[in-house]
Number of protein chains: 2
Amino acid sequence: MTADPSPPVRLPEPPTRPTLTRDYLAAAALALIDAHGLRKFSMRKLGTAVGFDPMAVYRHYDDQEDLFDGVAETLFTEVDVDTLPWDGPWRQLAQTYCLRLRDTLLRHPHAVPLFATRPVRSPASIDTGVKMLTKLSDAGIPPAQGLRIFRCLREFTVGHTLAIAVTKLGADRRSRKPQPGSPDYNLLAEAADATTLDDHFEMGLTALLSGFEQPAR
Amino acid sequence: MTADPSPPVRLPEPPTRPTLTRDYLAAAALALIDAHGLRKFSMRKLGTAVGFDPMAVYRHYDDQEDLFDGVAETLFTEVDVDTLPWDGPWRQLAQTYCLRLRDTLLRHPHAVPLFATRPVRSPASIDTGVKMLTKLSDAGIPPAQGLRIFRCLREFTVGHTLAIAVTKLGADRRSRKPQPGSPDYNLLAEAADATTLDDHFEMGLTALLSGFEQPAR
DNA sequence: CTGCATACATCTACGCTGTAGACATGAACT
DNA sequence: AGTTCATGTCTACAGCGTAGATGTATGCAG
């Protein structure tokens, strides 16, 4: 019985399994977090979800912290800072950046606590910072002051987005607002009925930006 | 296997020996989180640390979320809003509140992510909101607008505090800043050397407060 | 005083987690 | 051809959150 010289039989679905990547794993982790929430995420579920061994992730990320850093980078990439209005006035650039960051994060509400609790120090993020400071520098704002402005804007934006995300996600667990006429219907409840959760964001952004141009008082 | 030497944790004195309280458990949980970090905290360790059965906590809190809500309330109580300058001008009241909140939270850096990710809806917190809106109302600011201002201030303060806390806690894990003269010493690094981590906070607060008094533009 | 309900503490059990380390496999390079 | 290395697999371990059954003391009804 000699070996048949004919070419190998072509199987219906050759198990051509591409190799895992850090980027792909981070994107898949983000998808899992979006779908089931941060608390239900686990390293093993990620490995299984991408069709590999539960422990396969550890070949590409040291530990969960490391992976989450990667997820935060993925989120920052999604902001797509390259398409911001870099040629316009710096105030509009800064405002557009904040709005873009907010919109991007709110598309992934379950991941906002993750993003908010790790300072992204990826090359892309650093590069954005440098470009932003250069822009402000051209407008006559020294780098140190520009960095302070940038930090204020980012902290307000992230703080706002975090508040929105956790409020919306925990809405069922929380007690509903008191109805008009009930003894608990106080000034706060009245005001809450007259606002949406987020209609103060652009107001705050504008206040910050114009406040920076005032002489300190 | 790095057995941490675990410096002695000073726990608050129990109210009475025999029985456990929600408040005492929340305070003890906060002490444990302060001492060893949020990631190392567990329900069982809390029960053991207060000298009871590992599972004893579940007699007083439904689950970990419930307990963490209690810890957030404990933190808010520590802000001690009753001693704020309620009789002064509203801008100073608001500013003092934000500074007080920041200082309180920064005394518990490990617990800041916990606080930032759950909207405190305790009676004390609601009462503070009502009093604040009443104050603004007396100054001619309608409740809805007052709530928007209040939300901006709180989100900025919490966002700022969160950024400070996670930056300081993760400082060892992160790469050090590039030295002057190195090819990586860009505008951002230069600006970072010319600022502290938090010297923009009062600036941002002032910008927000004065920005609110400007006509929108 | 007895009897009992109730609140609290304890104990056991289950499935899951993060992580460490040994093992397998296949490609790439010497 | 042999070796190294990257990648995927597998097993093991201590610990986790939570559910539920079981003790135990305390205060009230009779």
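Sequence lines set the chain letters: A, B, ... in the order given, protein chains first and strands last, and positions in each chain run from 1. Values in this document were obtained by computation on a predicted structure and should not be read as measured data.
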Revision key, fill the gap. Taking for A:Arg44 and for A:Arg59 the nucleotide of DNA chain C with the nearest heavy atom, the one nearer the 5' end belongs to A:Arg44
Check your understanding: Between which nucleotides of DNA chain C, read 5' to 3', does contact with chain B run, using atoms under 4.0 Å from its heavy atoms?
Key -> C:dC8 to C:dA13
**Study point:** Ion pair B:Arg44/B:Asp53, N-O distance below 4.0 Å
**Key:** no
Using atom [atom1] of [X] as one end and atom [atom2] of [N] as the other, report the distance to the nearest whole Å.
X       : N      : atom1 : atom2 : result
B:Gln64 : D:dG17 : CD    : P     : 5 Å
B:Leu67 : D:dC16 : CG    : P     : 14 Å
B:Asp53 : D:dG20 : CG    : C1'   : 14 Å
A:Tyr58 : D:dT11 : OH    : C1'   : 15 Å
A:Met55 : D:dT11 : CE    : P     : 12 Å
B:Leu38 : D:dC16 : CG    : C1'   : 14 Å

Exercise for review: Pick base, sugar-phosphate or nothing for A:Met43, based on heavy-atom distances below 4.0 Å to the nucleic acid.
Suggested key: sugar-phosphate
Review point. When we call it a touch if two heavy atoms are under 4.0 Å apart, what does A:Lys40 touch: a base, just sugar-phosphate, or nothing?
Key: nothing
Review point. What distance separates A:Leu84 CG from A:Lys131 NZ, expressed to the nearest 0.5 Å?
Key: 8.0 Å
Revision key, fill the gap. Distance col, row A:Thr195:OG1 vs B:Gln145:CD, nearest 0.5 angstrom, shows 10.0 Å
Review point. Can the ring centroids of A:Phe201 and A:Phe156 be said to lie less than 6.0 angstrom from one another?
Key: yes
Practice item. Please determine if a side-chain N or O atom of A:Thr19 lies less than 4.0 Å away from the OP1 or OP2 oxygen of D:dG8. Key: yes
Point to revise | B:Thr48 side chain reached by B:Lys45 side chain, heavy atoms, under 4.5 Å | key: no
Review point. Cut-off 3.5 Å, side chains only: do A:Glu155 and B:His200 have a donor facing an acceptor?
Key: yes
Exercise for review: Return yes if a side-chain donor-acceptor contact under 3.5 Å exists between A:Tyr58 and A:Asp63, otherwise no.
Suggested key: no
Revision key, fill the gap. Judged by nearest nucleotide, the residue sitting upstream toward the 5' end of DNA chain D, A:Ala56 or B:Phe41, is A:Ala56
